[in-house]
There are 2 protein chains.
Amino acid sequence: MLDRDVGLDIAARLFWERGYEGTSTADLTKAMGINPPTLYSTFGSKEELYRQALDFSIARENSRRSEILQSNLPLYEALSLYLYDIADGDTQPDKPPGCMVSTAALQHAEENTSVARMTAALREASIQTLKARFDRAVGEGELPTATDTDTLARFYGAIIQGMSAQACDGACNALLKRLIDIALTAWPGKRQTSTGNSDKRHLDQSF
Amino acid sequence: MLDRDVGLDIAARLFWERGYEGTSTADLTKAMGINPPTLYSTFGSKEELYRQALDFSIARENSRRSEILQSNLPLYEALSLYLYDIADGDTQPDKPPGCMVSTAALQHAEENTSVARMTAALREASIQTLKARFDRAVGEGELPTATDTDTLARFYGAIIQGMSAQACDGACNALLKRLIDIALTAWPGKRQTSTGNSDKRHLDQSF
DNA sequence: ACAATTTAATAGGGATCCCTATTTTAATGG
DNA sequence: CCATTAAAATAGGGATCCCTATTAAATTGT
């Protein structure tokens with residue numbers, strides 16, 4: 001019998017690289033080393049397996065990223081670490097590039113609308129997490145009262161999605177972090193230098 | 001006989017909405033009102049049709065956007081208009097949401113690697129266009145000499161890709177433009193207000 | 001060790017994938 | 001008006017899609 005978590009890990013990796021439509025049940029059963037009936041008795045259907053693989057993958061990253069974001073570091077620095085962690089996730093050498101969720105099912109066949117709604121809801125949830133953290137900062141006086149936290153969250157959401165896309169196109173970790181450094185100059189109240197960002201250090205940032 | 005441009009327009013719309021893998025040749029022939037042999041004699045193959053539909057669509061937008069970007073407006077203002085035009089393209093009411101290229105083939109089956117390379121090259125080309133414009137500005141003293149134009153171009157490229165993703169998820173035009181306004185505060189030398197951006201006007205910006 | 005039950009493997013059904021050989025229809029030329 | 005060429009429609013080939021009914025193997029209980 002197949003270990004459930006091992007199967008989900010294998011499935012997640014395939015879906016991550018090839019997307020929902022680009023991954024066949026034959027790919028999945030072959031990679032897991034099982035026969036088709038086992039896939040269906042264990043996971044229900046291809047769509048249900050995708051849902052479980054997404055949950056499984058997200059659960060692994062969420063605890064660490066939530067800790068970063070909800071820590072009592074200054075929000076600007078917490079956000080920096082949060083984005084850097086995502087950049088690291090986008091460029092793991094032994095994993096597919098990009099984010100499994102950010103770039104999933106944006107274009108899709110009509111018959112896969114429910115799958116697309118699922119990934120869209122996950123993206124929206126991660127934006128709402130950012131917004132909630134920004135709202136807390138407004139309440140605590142760390143951000144100006146007039147801050148448009150919704151748009152600010154969607155702005156960094158766009159950065160996250162753009163990083164994933166560029167990682168899929170081959171961008172390296174250092175590039176994504178330089179990109180983050182620019183995005184961070186848009187932080188309310190920050191005043192960016194007008195002299196390139198190539199002198200910033202990413203590996204041993206100290207707080 | 002089928003008019004070639006009409007066919008490409010119909011094909012582009014389908015590929016735009018459903019992606020390469022999510023669009024079948026049956027969808028295409030049905031939408032064009034032709035039989036399969038006509039598709040293959042006119043366009044060669046599904047992949048070749050996709051390539052031609054991309055070229056066809058890009059050609060339509062490129063002239064206008066190139067004019068905006070290469071105009072002799074201050075670069076900051078030209079870039080604003082350029083991004084606004086893309087936001088408009090992402091949210092046309094009678095067209096699929098998002099950008100046909102930005103969100104295309106990021107995840108794909110192994111057999112469609114050549115298609116993914118094609119769309120990645122198009123995305124890279126549009127980033128290089130931005131970078132070239134930024135380099136020109138450096139040469140003309142409009143941007144500081146030390147500006148990291150490559151990363152700056154990829155930053156706005158990420159914004160463009162993020163906008164497309166969020167448009168696919170239902171974002172409206174006004175939201176994308178508020179998002180652009182935040183991205184523009186990252187422009188070298190700019191100093192953003194710390195008071196939300198909700199008071200900005202988008203429809204009658206004067207230069 | 002034999003029977004009962006559970007697990008795995010095979011085989012395949014019905015639909016759709018991309019593409020094309022063949023036939024039918026239409027248009028053109030003498 | 002008939003012969004020739006060109007266009008469109010049908011029909012289908014070989015592969016793959018997601019999923020499952022059935023058969024074979026392994027495990028369990030007595």
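Lettering of chains follows the sequences in order, A, B, ..., and the numbering in each one begins at 1.
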Chemist: Can you tell me if B:Ser57 uses its side chain to pair, donor with acceptor, with the backbone of B:Leu54 under 3.5 Å?
Modeler: no

Chemist: Identify all pairs in which a protein N or O lies below 3.5 Å from an N or O of nucleotides 10-13 of chain D, and state each distance.
Modeler:
none

Chemist: Write out the stems for DNA chain D, ordered by first number and formatted as range with range, counting runs of at least 3 consecutive Watson-Crick or G-U wobble pairs under 3.5 Å.
Modeler: C:4-23 with D:8-27, C:25-27 with D:4-6

Chemist: Can you list the residues that meet the side-chain contact (heavy atoms from CB on, under 4.5 Å) rule with A:Glu47, with sequence neighbours excluded?
Modeler: A:Tyr20, A:Ser45, A:Arg51, A:Ser114, A:Val115

Chemist: Within this structure, what is the CE-to-P distance between A:Met32 and C:dA8, rounded to whole angstrom?
Modeler: 14 Å

Chemist: At what distance, to the nearest 0.5 angstrom, does CD1 of B:Ile180 lie from CD1 of B:Ile86?
Modeler: 7.5 Å

Chemist: Suppose we screen for side-chain contact (heavy atoms from CB on, under 4.5 Å). Which residues come up paired with B:Glu17, at least two apart in sequence or across chains?
Modeler: B:Pro96

Chemist: Any donor and acceptor pair, going by atom type alone, linking the side chain of A:Glu67 with main-chain N or O of A:Arg64 inside 3.5 Å?
Modeler: no

Chemist: How far does CG of A:Asp27 sit from CZ of A:Phe15, to the nearest 0.5 angstrom?
Modeler: 9.5 Å

Chemist: Apply the test side chain to side chain contact (heavy atoms under 4.5 Å, CB included) to residues B:Leu75 and B:Glu140: give CA-CA distance (whole Å), side-chain angles for both, the deciding distance (0.1 Å), then the verdict.
Modeler: CA-CA 11 Å; B:Leu75 180 49; B:Glu140 295 171 351; over 6 Å; no

Chemist: Output the rounded distance in Å from CG (A:Leu28) to P (D:dC19).
Modeler: 11 Å

Chemist: Run the side-chain donor-acceptor check on residues 124-135 of chain A: report pairs under 3.5 Å with partners two or more places apart or on a different chain.
Modeler:
| unit_1 | atom_1 | unit_2 | atom_2 | d |
| --- | --- | --- | --- | --- |
| A:Glu124 | OE1 | A:Arg154 | NH1 | 3.0 |
| A:Glu124 | OE2 | A:Gln128 | NE2 | 2.8 |
| A:Glu124 | OE2 | A:Arg154 | NH2 | 3.1 |
| A:Ser126 | OG | A:Arg123 | O | 3.4 |
| A:Thr129 | OG1 | A:Ala125 | O | 3.0 |
| A:Lys131 | NZ | A:Asp135 | OD2 | 2.9 |
| A:Lys131 | NZ | A:Thr149 | OG1 | 3.4 |
| A:Arg133 | NE | A:Leu69 | O | 2.8 |
| A:Asp135 | OD1 | A:Thr149 | OG1 | 2.6 |

Chemist: Measure the distance from CG on B:Leu39 to C1' on C:dC19 and round it to the nearest whole Å.
Modeler: 10 Å

Chemist: Just so I know, are the side chains of B:Leu106 and A:Asp169 near enough to count as touching, which here means a heavy-atom distance under 4.5 Å?
Modeler: yes

Chemist: Polar atoms only, N or O, under 3.5 Å: list the protein pairs with nucleotides 16-18 of chain D and their distances.
Modeler:
| unit_1 | atom_1 | unit_2 | atom_2 | d |
| --- | --- | --- | --- | --- |
| D:dC17 | OP1 | A:Ser24 | OG | 3.4 |
| D:dC18 | OP1 | A:Lys46 | NZ | 2.7 |
| D:dC18 | OP2 | A:Thr25 | N | 2.7 |
| D:dC18 | OP2 | A:Thr25 | OG1 | 3.0 |

Chemist: Could you state the NZ-C1' distance from B:Lys30 to D:dA9, rounded to the nearest angstrom?
Modeler: 17 Å

Chemist: Hey, what do you get for CZ (A:Arg178) to CG (A:Asn173), rounding to the nearest 0.5 Å?
Modeler: 10.0 Å

